[in-house]
Number of protein chains: 2
Amino acid sequence: MKLDVTDRKILKLLQQDGRLSNAEIAEQVALSPSPCLRRLRRLEQEGIIEGYQTQLNRQKIDLGMTVFVQIKMHDHHAASVKNFEQAIHGMDAVITASTVSGSADYLLEVVASDLEDYDRVVSKLQELKMVREIESNFALRRVKTAAPLPLKRLSD
Amino acid sequence: MKLDVTDRKILKLLQQDGRLSNAEIAEQVALSPSPCLRRLRRLEQEGIIEGYQTQLNRQKIDLGMTVFVQIKMHDHHAASVKNFEQAIHGMDAVITASTVSGSADYLLEVVASDLEDYDRVVSKLQELKMVREIESNFALRRVKTAAPLPLKRLSD
DNA sequence: GATGAAAGTTTCGTCCT
DNA sequence: AGGACGAAACTTTCATC
């Protein structure tokens, strides 16, 4: 599915402010509200827009600690993978998780209030039998946070 | 600043859908629109809500490749740190960056269309004189993506 | 794609409890 | 604090060009 310059402008604006009204978007992309809304709905229906989210300040909701956790598994049998990923989905302190290339199998991003809180998360991970090794890398300072995805400027 | 149960309900709802209208939020937290809007504005003004964002499908905007990049620096002099972080801010393929504990100094999340595109990013990083070592870990599959932050259920 | 009209919502200030 | 009212703005659909 193709995105023209106007679509990309709309997406760029919405990444910066997900609550922009259609009227405001229309004005900024130099369209009248009707066609602008048609584009917006199309972007939503095609799944290009997956959803709208609210960014919270982690410090202020007492989740000031972010830890990147590398997990190595004992094996990669289907059952182990399934059980591990199920466990991950059930742990709400784990906010992102990916399988990765390299020496680790999974990279998780975990939030916690403090070390004690974090320790509880690690303990849960250690209890999982398919987990062989856990390495915790604490985020000391966030240099860049949730920057917008760069939309290519080319090709109409 | 204290968050009561209603505040947390509002934040939970808004994390799930950042475009909820005040009227909809009010209904779901069993408040009338007026006090609900007052709470929302307070959450925004106190900085607990940092902003509203739109989630895009990376595949569909041709950014299907995500790479976690660990960077080791030659030194940690103020000038090196400043220049490096400035460079990071200027690279829009780098969507998140943190300093981390452990053997690496920085952990970056980089998006790209494909390997060729990613290679351009790495080349730019390699050109930075304060960078000593770069390790790329490719995200093979995302198991959990941008899950909402877990708000404690306790303490009114 | 633009425009305009009309009905329904939403926001937000004000006033009341 | 929460709730109610009202004015202005916004959304959305529809018909039309």
Side-chain angles (χ1 to χ4, degrees), chain A residues 1-57 59-63 146 148-149 151-156, chain B residues 1-57 60-62 146 148-149 151-156:
Chain A
M1 188 234 173
K2 294 195 59 170
L3 297 175
D4 68 11
V5 187
T6 307
D7 290 325
R8 286 199 295 276
K9 277 188 200 165
I10 294 172
L11 294 176
K12 187 154 177 265
L13 289 168
L14 278 173
Q15 281 195 95
Q16 288 162 18
D17 181 358
R19 296 208 91 172
L20 280 177
S21 73
N22 179 58
E24 288 167 312
I25 300 167
E27 194 194 331
Q28 297 201 50
V29 301
L31 271 183
S32 62
S34 310
C36 188
L37 186 62
R38 279 198 289 270
R39 283 169 181 270
L40 182 54
R41 293 288 171 262
R42 190 179 51 110
L43 292 167
E44 290 172 345
Q45 278 157 29
E46 304 258 351
I48 290 161
I49 293 176
E50 291 188 331
Y52 302 94
Q53 255 197 314
T54 301
Q55 291 297 119
L56 305 184
N57 183 304
Q59 262 77 32
K60 296 189 181 176
I61 57 170
D62 193 28
L63 291 173
L149 297 171
L151 297 159
K152 303 287 185 311
R153 311 110 200 100
L154 316 158
S155 76
D156 305 18
Chain B
M1 188 236 173
K2 293 196 63 170
L3 297 175
D4 67 11
V5 187
T6 306
D7 291 324
R8 286 198 295 275
K9 278 187 199 164
I10 293 172
L11 295 175
K12 188 154 177 264
L13 289 168
L14 278 173
Q15 282 194 94
Q16 288 163 16
D17 181 357
R19 297 208 93 174
L20 280 178
S21 72
N22 178 57
E24 289 168 312
I25 300 167
E27 195 194 331
Q28 296 201 49
V29 301
L31 269 183
S32 63
S34 310
C36 187
L37 185 63
R38 278 197 288 268
R39 281 168 181 270
L40 181 55
R41 292 291 170 260
R42 188 179 52 110
L43 292 167
E44 289 171 344
Q45 277 156 29
E46 304 257 350
I48 291 162
I49 291 177
E50 291 187 331
Y52 301 94
Q53 256 197 313
T54 300
Q55 292 297 120
L56 305 185
N57 183 304
K60 295 190 181 174
I61 57 170
D62 193 26
L149 297 171
L151 297 159
K152 304 286 186 313
R153 310 114 201 96
L154 317 158
S155 78
D156 304 17

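Side-chain atoms are counted along with the backbone in the values below, which use heavy atoms only and exclude waters and symmetry mates. Quick note on labels: first sequence line is chain A, next is B, and so on, each numbered from 1.
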Should A:Arg38 be listed as having a side-chain N or O under 4.0 Å from OP1 or OP2 of D:dT12? no

So does B:Arg39 pair up with B:Asp4, basic N to acidic O under 4.0 Å? yes

Between C:dC12 atom C1' and B:Ile25 atom CD1, what is the distance in whole Å? 14 Å

NZ/NE/NH1/NH2 to OD/OE distance under 4.0 Å, A:Lys2 and A:Asp7: no

Side-chain atoms of B:Arg39 come closest, of C:dG1, C:dT3, D:dG2, to D:dG2

Please state how far atom CG in A:Leu40 lies from atom C1' in D:dT13, giving the value in whole angstrom units. 16 Å

Contacts under 3.5 Å, N or O only, protein and nucleotides 8-11 of chain C:
residue	atom	partner	partner atom	Å
C:dT10	OP1	B:Ser21	OG	3.3
C:dT11	OP1	B:Asn22	N	3.4
C:dT11	OP2	B:Asn22	N	2.8
C:dT11	OP2	B:Ala23	N	3.4

Can you find a side-chain donor-acceptor pair between A:Gln15 and B:Tyr52 that sits under 3.5 Å? no

Do A:Ser34 side-chain and C:dA2 base share a donor-acceptor contact under 3.5 Å? no

Would you indicate whether the side-chain heavy atoms of B:Val5 and B:Arg8 approach each other to under 4.5 Å? yes

Taken to the nearest whole Å, CG/A:Leu31 to C1'/C:dA2 is 10 Å

Are the side chains of B:Leu43 and B:Leu3 in contact, using a 4.5 Å heavy-atom criterion? yes

Please state how far atom CZ in B:Arg42 lies from atom C1' in C:dC12, giving the value in whole angstrom units. 17 Å

Determine whether more than 12 heavy atoms belonging to other residues, nucleotides or ligands lie under 6.0 Å from atom CD of B:Glu44. yes

